[in-house]
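Quick notes on the structure that follows.
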Amino acid sequence: IECKGAVKNDPHALEEICGTIMAETREGLGRFAVPMLLRGNFPSDPAEALQMSKESIRWEPLEIGLNCLQQGLLNQIRDLINDAIEKKRTTSE
């Protein structure tokens, strides 16, 4: 899990950070590990931030807004992480 709070709306910086997270995760833990990025600049509305996290499951790393952790959404985040793990274990045909 990597935590980056300084990246605002710079897609290039975020792309570089995501690439680094994925490379470090695969090198250290293998291809079935789930790279995650905790972001401080998600929408302030917890429901919207949770929805963005759910959408990020389609690509890597899984992005989770820090405000989701502060708003009592831990059960939903746990389920989201479990879904990401299951997605890694499932092989597409």
Side-chain angles (χ1 to χ4, degrees):
I1 298 176
E2 184 93 8
C3 185
K4 298 291 182 191
V7 177
K8 292 297 181 193
N9 292 321
D10 182 354
H12 178 69
L14 185 58
E15 184 179 310
E16 185 177 318
I17 288 167
C18 290
T20 301
I21 291 168
M22 292 184 319
E24 289 173 353
T25 302
R26 285 193 183 111
E27 183 178 324
L29 301 171
R31 68 184 184 109
F32 292 108
V34 177
M36 289 184 246
L37 173 63
L38 297 177
R39 291 183 54 189
N41 61 333
F42 256 38
S44 58
D45 175 35
E48 189 178 344
L50 184 61
Q51 182 60 36
M52 286 181 69
S53 293
K54 287 179 181 179
E55 291 172 7
S56 78
I57 202 168
R58 294 180 291 167
W59 59 85
E60 291 182 332
L62 177 63
E63 298 181 21
I64 298 172
L66 287 174
N67 60 336
C68 290
L69 303 179
Q70 299 170 357
Q71 297 293 331
L73 299 174
L74 293 180
N75 287 337
Q76 289 94 330
I77 295 299
R78 184 192 68 233
D79 293 342
L80 182 62
I81 292 169
N82 286 334
D83 289 346
I85 291 169
E86 186 62 33
K87 182 177 181 273
K88 281 284 196 177
R89 293 191 321 182
T90 305
T91 311
S92 61
E93 308 212 13

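For reference, positions follow the sequence shown, starting with 1. Note: hydrogens, waters and symmetry copies are ignored here, and every other heavy atom, side chains too, is used.
How far CG of L66 is from CG of L38: 5.5 Å, rounded to the nearest 0.5 Å. In this structure, CG on D83 lies 12.0 Å from CD on Q76, to the nearest 0.5 angstrom. If you take CD1 on I21 and CG on L37, they are separated by 4.0 Å, rounding to the nearest 0.5 Å.
For the residue pair K88 and V34, the shortest heavy atom distance occurs at CG-CG2, 3.9 Å. Nearest heavy atoms, K87 versus R58: NZ-O, 3.9 Å. Nearest approach of K54 to L80, heavy atoms of both residues: CA-CD1, 3.7 Å. Of all the heavy atoms in S53 and I64, the pair that sits closest is OG-CA, 3.4 Å. Here the closest non-hydrogen pair linking M22 and P61 is SD-N, 3.8 Å.
Contact annotation: the side chain of P35 never approaches that of L62 to less than 4.5 Å [non-hydrogen atoms, C-beta and beyond]. Residues E63 and C18 meet the side-chain proximity criterion, which asks for heavy atoms closer than 4.5 Å. Between N82 and E86, every side-chain heavy-atom pair lies at or beyond the 4.5 Å cut-off.
Under the 4.5 Å side-chain contact rule for hydrophobic residues, I81 and L29 do not share a cluster.
A donor-acceptor pair under 3.5 Å links the side-chain atoms of N67 to the main chain of P43, judged by distance alone.
Crowding of E27 atom CD: a count of heavy atoms from other residues, nucleotides or ligands under 6.0 Å not exceeding 12.
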